[in-house]
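The block underneath contains the structure these notes are about, expressed in structure tokens.
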Amino acid sequence: MATRPRFSGVHLWLVFAGGTIGTAARLVVLLVEDPSIQWLSIPLINIVGSFLLGVVTGMAERQADPARATRMRTFWGVGVMGGFTTYSSFAVLAVDPASLPLAVVTVLAGLAAAVAGLWIARPRPTSAHGHSA
């Protein structure tokens, strides 16, 4: 069983810096002026964020250095994607019974997007000859 890395000030700063970037990116998306598509902003943010979190997780698995993998997950996953995605706004949106179909589609699409991102970025097993299987 892998041991969890110990907390350090570096982890805190990685989350802080990543969260700042992710939150600013979410704000840019939410400032879309076109009201005809603005209602899709929160679901799209969460679906894209799920995909990117899958990619980050898969890329971290490729790292030979566990400390570097932890820093990647901390900055990009917890920080950037944690700031970019917004479960609380999604929950408020999903409370409206008229939004239930959109909420269900968003959850399913987010799950599929995370799996796709993980599949794309995850290391592939290699054969005895060094070629990907």
Side-chain angles (χ1 to χ4, degrees):
M1 184 165 128
T3 59
R4 298 187 85 168
R6 298 195 77 158
F7 176 81
S8 76
V10 170
H11 293 124
L12 182 62
W13 282 107
L14 289 170
V15 171
F16 174 76
T20 301
I21 293 166
T23 303
R26 175 173 18 118
L27 178 62
V28 168
V29 174
L30 292 175
L31 291 177
V32 170
E33 295 291 329
D34 186 351
S36 67
I37 61 168
Q38 200 168 28
W39 63 276
L40 275 175
S41 297
I42 299 297
L44 288 176
I45 285 168
N46 288 330
I47 293 166
V48 168
S50 295
F51 173 77
L52 293 174
L53 186 56
V55 170
V56 166
T57 302
M59 290 179 72
E61 287 182 19
R62 291 176 178 236
Q63 295 300 314
D65 178 8
R68 184 172 182 169
T70 297
R71 288 190 305 272
M72 283 179 65
R73 282 191 298 270
T74 301
F75 176 77
W76 290 104
V78 177
V80 176
M81 290 303 101
F84 182 67
T85 59
T86 173
Y87 181 78
S88 57
S89 295
F90 174 72
V92 169
L93 174 75
V95 168
D96 179 6
S99 296
L100 187 58
L102 178 61
V104 170
V105 167
T106 301
V107 169
L108 295 175
L111 179 62
V115 169
L118 189 58
W119 183 82
I120 287 169
R122 182 172 264 165
R124 304 279 184 259
T126 56
S127 67
H129 302 293
H131 299 288
S132 292

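Counting heavy atoms from C-beta outward, V15 and H11 have side chains that stay 4.5 Å or more apart. Counting only heavy atoms from C-beta outward, the side chains of F75 and V56 never approach each other to under 4.5 Å. With contacts defined as side-chain heavy-atom distances shorter than 4.5 Å, the pair I42/T106 does not qualify. Looking only at side-chain heavy atoms (C-beta outward), V28 and L31 stay at 4.5 Å or farther from each other. Between W76 and L53 there is no side-chain heavy-atom pair separated by less than 4.5 Å.
A side-chain donor-acceptor contact under 3.5 Å links R62 to the backbone of A121. Between the side chain of T86 and the main chain of S89, a donor-acceptor pair closer than 3.5 Å is present. Listed for the E61 side chain is no donor-acceptor partner under 3.5 Å among the backbone atoms of P123.
Rounding to the nearest 0.5 angstrom, the gap separating the CG atom in L40 from the CG atom in D34 is 10.5 Å. Between atom CZ of residue F16 and atom CD1 of residue I21 there is a gap of 10.5 Å, rounded to the nearest 0.5 Å. Going from atom CG of D96 over to atom CG of L102 covers 10.0 Å, rounded to the nearest 0.5 Å. For the atom pair R26 CZ and I45 CD1, the distance stands at 6.5 Å (nearest 0.5 Å). Considering CG of L30 and CG of L27, their distance stands at 6.5 Å, rounded to 0.5 Å. Rounding to the nearest 0.5 angstrom, the gap separating the CZ atom in F51 from the CG atom in L118 is 10.5 Å.
In the hydrophobic clustering of this structure, V29 groups with F90; members are Ile, Leu, Val, Met, Phe, Trp, Tyr whose side-chain heavy atoms approach within less than 4.5 Å, directly or through other members. In terms of hydrophobic clustering, with Ile, Leu, Val, Met, Phe, Trp and Tyr side chains grouped at heavy-atom distances under 4.5 Å, I47 and V92 are assigned to different clusters. Hydrophobic clustering (side-chain heavy atoms under 4.5 Å, transitive across Ile, Leu, Val, Met, Phe, Trp, Tyr) groups W119 together with M59.
Between G110 and S50, the shortest heavy-atom distance links the atoms O-CB, 3.2 Å. Considering every non-hydrogen atom in both W39 and P43, the closest pair reads O-CD, 3.7 Å. Residues Q38 and V32 share a closest heavy-atom pair of NE2-O, 3.3 Å.
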As a quick check of understanding, evaluate side chain to side chain contact (heavy atoms under 4.5 Å, CB included) for N46 and F84, giving each step before the final call.
CA-CA 8 Å; N46 288 330; F84 182 67; over 6 Å; no
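By the neighbour-count criterion of 12 heavy atoms within 6.0 Å, atom CE of M72 is densely surrounded, having more than that number from other residues, nucleotides or ligands.
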